[in-house]
A.B. asks: 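Pasting in a structure now, in structure tokens, and then I'll have a few things to ask.
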Amino acid sequence: MNKVIYIGELTLNVSLNTDGTATTRVGDRLVAAAALDGMMGVETIFVGEASADVVGDHIVSYLDSSKVNTASVDRYSEGASPVKISSTVSDGKPIIHSAFPSEPINPVWPRVNEGDVVIFGSYLALDKRNHDAIVDLLKHARARKAKVVSIPYFDLTRVPRITRVMPEVWDSLEQADLVVVTTDDLAALFPGEDPAKAFKAHILFYCRRCLVLDREGLTMRFFDGDESWTLACHPTQLDKERWAAGAVAGVARALSEGISDPDDIMAKANETAHSEIAASVL
């Protein structure tokens, strides 16, 4: 089994509850997927950035406890790790407290071997401060014959206008061997278009393989050029983001084992998202 390298944004998420308490969670879809892969015994590395402060320590400690290698987390000293605060009684728009350095991300890039899997996404890959550096890392990974997976999602509150980040989205898709998106991701990027149309009209030009995750319909649909396959998934108690994280972790597991058949990739994604360990970790 080859190793999996995740590239994504590291945040501390704080939810303010109506009873006066607060709950915290580290990261988003990619962080959850990395934690699940680590706990399932996959050699997992996370590439990201976190300030050398107490919040950054907490974030890195979470990854360490999930058996994720954090040697490639850039611990910058100028600034503060991002804290995203949301409330169940607010207008639904989270407040983000952060102070990033002016310099782009500068991690210790892990060694990439042929057959390794590199999964990247979140606003980290689209932020103009980091985009060129991330693309350089991805080009290096592709030259080393790694399998590159793009997860083109981001917090909409960070992007007032989608058109401002579309050049970076296209760049990201062009670096990928496989794109994994949810129906919500597609709706944000290509409003009013169903998955098949969005894939053929936009994604196919850059990447011929795409897996669409539909939590509402409990299906996964794999596009490969002019062909597609659909898998009906079992009901789950996981919400959209946690279910998607489990599926991404499963895709990573499949690719790290050398699996390339669409049906087998979807089966591994579905199995992982519905596993007992996913229910406990996610």
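The residues of the chain are indexed from 1 along the displayed sequence. Scope of the values below: all heavy atoms of this structure, side chains included, with no hydrogens, waters or symmetry mates.
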A.B. asks: Has the side chain of Thr21 got a donor or acceptor atom that lies under 3.5 Å from a matching backbone atom of Asp19?
C.D. replies: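 It does not hold such a pair.
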A.B. asks: Same cluster or not: are Val149 and Ile5 linked, directly or through other Ile, Leu, Val, Met, Phe, Trp or Tyr residues, by side-chain heavy atoms under 4.5 angstrom apart?
C.D. replies: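 Not linked; separate clusters.
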A.B. asks: Under 3.5 Å, which donor-acceptor pairs do the side chains of residues 165-173 form with other protein atoms, sequence neighbours left out?
C.D. replies:
residue, atom, partner, partner atom, Å
Glu168, OE2, Lys128, NZ, 3.4
Asp171, OD2, His131, NE2, 3.1
Ser172, OG, Glu168, O, 2.9

A.B. asks: Could you check if a side-chain atom of Phe222 sits within less than 4.5 angstrom of a side-chain atom of Glu227, using non-hydrogen atoms only?
C.D. replies: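 Phe222 vs Glu227: side chains apart.
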A.B. asks: Once you round to the nearest 0.5 Å, how far does CG of Leu10 lie from CG of Leu124?
C.D. replies: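 One finds 8.0 Å between CG of Leu10 and CG of Leu124.
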A.B. asks: Would you say the side chain of Val4 lies within less than 4.5 Å of the side chain of Asp116, judging by non-hydrogen atoms?
C.D. replies: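 No, too far: nothing below the 4.5 Å cut-off.
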A.B. asks: Over all heavy atoms of both residues, which pair between Ser81 and Ser51 is shortest? Give the atoms and the distance, please.
C.D. replies: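 What the structure gives for the nearest pair is OG-N, 2.8 Å.
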A.B. asks: How about Ile45 and Trp109: do any of their side-chain heavy atoms sit closer than 4.5 Å?
C.D. replies: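 When only atoms from C-beta onward are counted, Trp109 and Ile45 do not touch, as no gap falls below 4.5 Å.
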A.B. asks: Looking at Ala247 and Ala273, what are the two nearest heavy atoms and their distance?
C.D. replies: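 Residues Ala247 and Ala273, closest heavy atoms: N-CB, 3.8 Å.
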A.B. asks: Arg129 and Glu49: salt bridge (charged side-chain N to carboxylate O under 4.0 Å, His left out), yes or no, with the steps?
C.D. replies: CA-CA 13 Å; Arg129 177 176 69 89; Glu49 56 182 357; 2.5 Å; yes
A.B. asks: Decide side chain to side chain contact (heavy atoms under 4.5 Å, CB included) for His274 and Cys233; before the verdict, give the C-alpha distance in whole Å, the side-chain angles of both, and the deciding distance to 0.1 Å.
C.D. replies: CA-CA 9 Å; His274 289 85; Cys233 302; 4.2 Å; yes
A.B. asks: To the nearest 0.5 Å, what is the distance between CG (Asp74) and CG (Asn106)?
C.D. replies: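 Answer rounded to 0.5 Å: 6.0 Å.
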A.B. asks: If every non-hydrogen atom of Ala188 is compared with every non-hydrogen atom of Ile162, which pair is closest and at what distance?
C.D. replies: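 Smallest interatomic distance, heavy atoms only, reads O-CG1, 3.7 Å.
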A.B. asks: Counting only heavy atoms not in Asp226, do more than 12 fall under 6.0 Å of its CG?
C.D. replies: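 Open: at most 12 neighbouring heavy atoms sit under 6.0 Å from CG of Asp226.
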A.B. asks: Do Phe154 and Leu186 share a hydrophobic cluster, counting only Ile, Leu, Val, Met, Phe, Trp and Tyr and linking them when any side-chain heavy atoms are less than 4.5 Å apart?
C.D. replies: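 Cluster IDs for Phe154 and Leu186 match.
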A.B. asks: Look up atom CG in Asp264 and atom CD in Glu271, then write down how far apart they are to the nearest 0.5 Å.
C.D. replies: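 If we round to the nearest 0.5 Å, Asp264:CG and Glu271:CD are 11.0 Å apart.
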A.B. asks: For the atom pair OG (Ser86) and CZ (Arg25), what is the distance rounded to the nearest 0.5 Å?
C.D. replies: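 The OG atom of Ser86 sits 12.0 Å away from the CZ atom of Arg25.
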A.B. asks: Write down the atom of Ala249, the atom of Leu36, and the distance for their closest heavy-atom approach.
C.D. replies: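 What the structure gives for the nearest pair is CB-CD2, 3.8 Å.
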A.B. asks: Which residue, Asp184, Asp185, Thr182, Asp28, forms the side chain to side chain donor-acceptor pair (under 3.5 Å) with Tyr153?
C.D. replies: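 The option that passes is Asp28.
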A.B. asks: Find out whether Leu213 and Trp243 are in side-chain contact, i.e. whether some heavy atom of one side chain is under 4.5 Å from a heavy atom of the other.
C.D. replies: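 They are in contact (side-chain heavy atoms under 4.5 Å apart), so the answer is yes.
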A.B. asks: If you apply the rule side chain to side chain contact (heavy atoms under 4.5 Å, CB included), what do you find for Met39 with Ser280, and how did you get there?
C.D. replies: CA-CA 10 Å; Met39 294 299 290; Ser280 61; over 6 Å; no
A.B. asks: Is Leu255 linked to Ile7 within one hydrophobic cluster, defined over Ile, Leu, Val, Met, Phe, Trp and Tyr using a side-chain heavy-atom separation of less than 4.5 Å?
C.D. replies: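 The answer is no; the residues belong to distinct hydrophobic clusters.
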A.B. asks: Consider side chain to side chain contact (heavy atoms under 4.5 Å, CB included). Of Leu126, Val180, Leu189, which one does Pro152 pass it with?
C.D. replies: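 Output: one option passes, namely Leu189.
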A.B. asks: Would Ile105 and Tyr76 count as a side chain to side chain contact (heavy atoms under 4.5 Å, CB included) if you check the C-alpha gap in whole Å, the side-chain angles of each, and the deciding distance to 0.1 Å?
C.D. replies: CA-CA 9 Å; Ile105 185 173; Tyr76 55 86; over 6 Å; no
A.B. asks: Please find the pair of heavy atoms, one from Asp239 and one from Arg242, that lie closest to each other, and give the distance.
C.D. replies: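 Taking Asp239 first and Arg242 second, the nearest heavy atoms are OD1-N, 2.9 Å.
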A.B. asks: State, yes or no, whether a side-chain contact exists between Asp214 and Arg221 at a heavy-atom distance under 4.5 Å.
C.D. replies: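 Side-chain contact under 4.5 Å: no.
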A.B. asks: To the closest 0.5 Å, what do you measure between CG (Asn270) and OG1 (Thr219)?
C.D. replies: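 Nearest 0.5 Å value for the CG-OG1 distance: 10.5 Å.
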A.B. asks: When clusters are formed by joining ILVMFWY residues with side-chain heavy atoms under 4.5 Å apart, either directly or through shared neighbours, do Val112 and Phe120 land in the same one?
C.D. replies: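 Shared cluster, yes.
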A.B. asks: Just so I know, are the side chains of Gln175 and Ile134 near enough to count as touching, which here means a heavy-atom distance under 4.5 Å?
C.D. replies: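 Contact flag for Gln175/Ile134 side chains = no.
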A.B. asks: Looking at Asp194 and Ala196, would you say the former's side chain and the latter's main chain have a donor-acceptor pair under 3.5 Å?
C.D. replies: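 Yes.
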A.B. asks: Quick check: does any side chain N or O of His202 sit under 3.5 Å from a backbone N or O of Phe190, one acting as donor and the other as acceptor?
C.D. replies: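 A pair under 3.5 Å: no.
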A.B. asks: Go through Leu231 and Asp263 one step at a time and tell me if the side chain to side chain contact (heavy atoms under 4.5 Å, CB included) criterion holds.
C.D. replies: CA-CA 8 Å; Leu231 175 69; Asp263 286 323; over 6 Å; no
A.B. asks: Nearest 0.5 Å, please: how far is CG in Asp37 from OG1 in Thr272?
C.D. replies: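 If we round to the nearest 0.5 Å, Thr272:OG1 and Asp37:CG are 7.5 Å apart.
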A.B. asks: Is Val248 close to Tyr6 at the side-chain level, that is, under 4.5 Å between some pair of heavy atoms?
C.D. replies: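 Yes; the side chains approach each other to less than 4.5 Å.
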A.B. asks: What I want to find out is whether Arg75 reaches Asp57 closely enough, with some N-O distance under 4.0 Å, to be called a salt bridge.
C.D. replies: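 Asp57 and Arg75: salt-bridged.
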A.B. asks: Check the hydrophobic clustering (I, L, V, M, F, W, Y; side-chain heavy atoms under 4.5 Å; chains of links allowed) and say if Leu218 and Val251 are grouped together.
C.D. replies: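 Different clusters: Leu218 never reaches Val251 through Ile, Leu, Val, Met, Phe, Trp or Tyr contacts under 4.5 Å.
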A.B. asks: Within the 4.5 Å heavy-atom criterion, are Arg215 and Thr183 side-chain neighbours or not?
C.D. replies: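 Side chain of Arg215 against side chain of Thr183, heavy atoms only: no contact under 4.5 Å found.
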A.B. asks: Specify the closest pair of heavy atoms between Pro110 and Ser72, including all atoms of both residues, with the distance to one decimal.
C.D. replies: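 Smallest heavy-atom distance, with atoms named: CD-OG, 3.3 Å.
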A.B. asks: Is the backbone N or O of Leu178 less than 3.5 Å from a side-chain atom of Lys147, with the two atoms forming a donor-acceptor pair by type?
C.D. replies: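 No.
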A.B. asks: Of Asn113, Val42, Asn69, which meets side chain to side chain contact (heavy atoms under 4.5 Å, CB included) against Lys3?
C.D. replies: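 When side chain to side chain contact (heavy atoms under 4.5 Å, CB included) is applied between Lys3 and each of Asn113, Val42, Asn69, only Asn113 qualifies.
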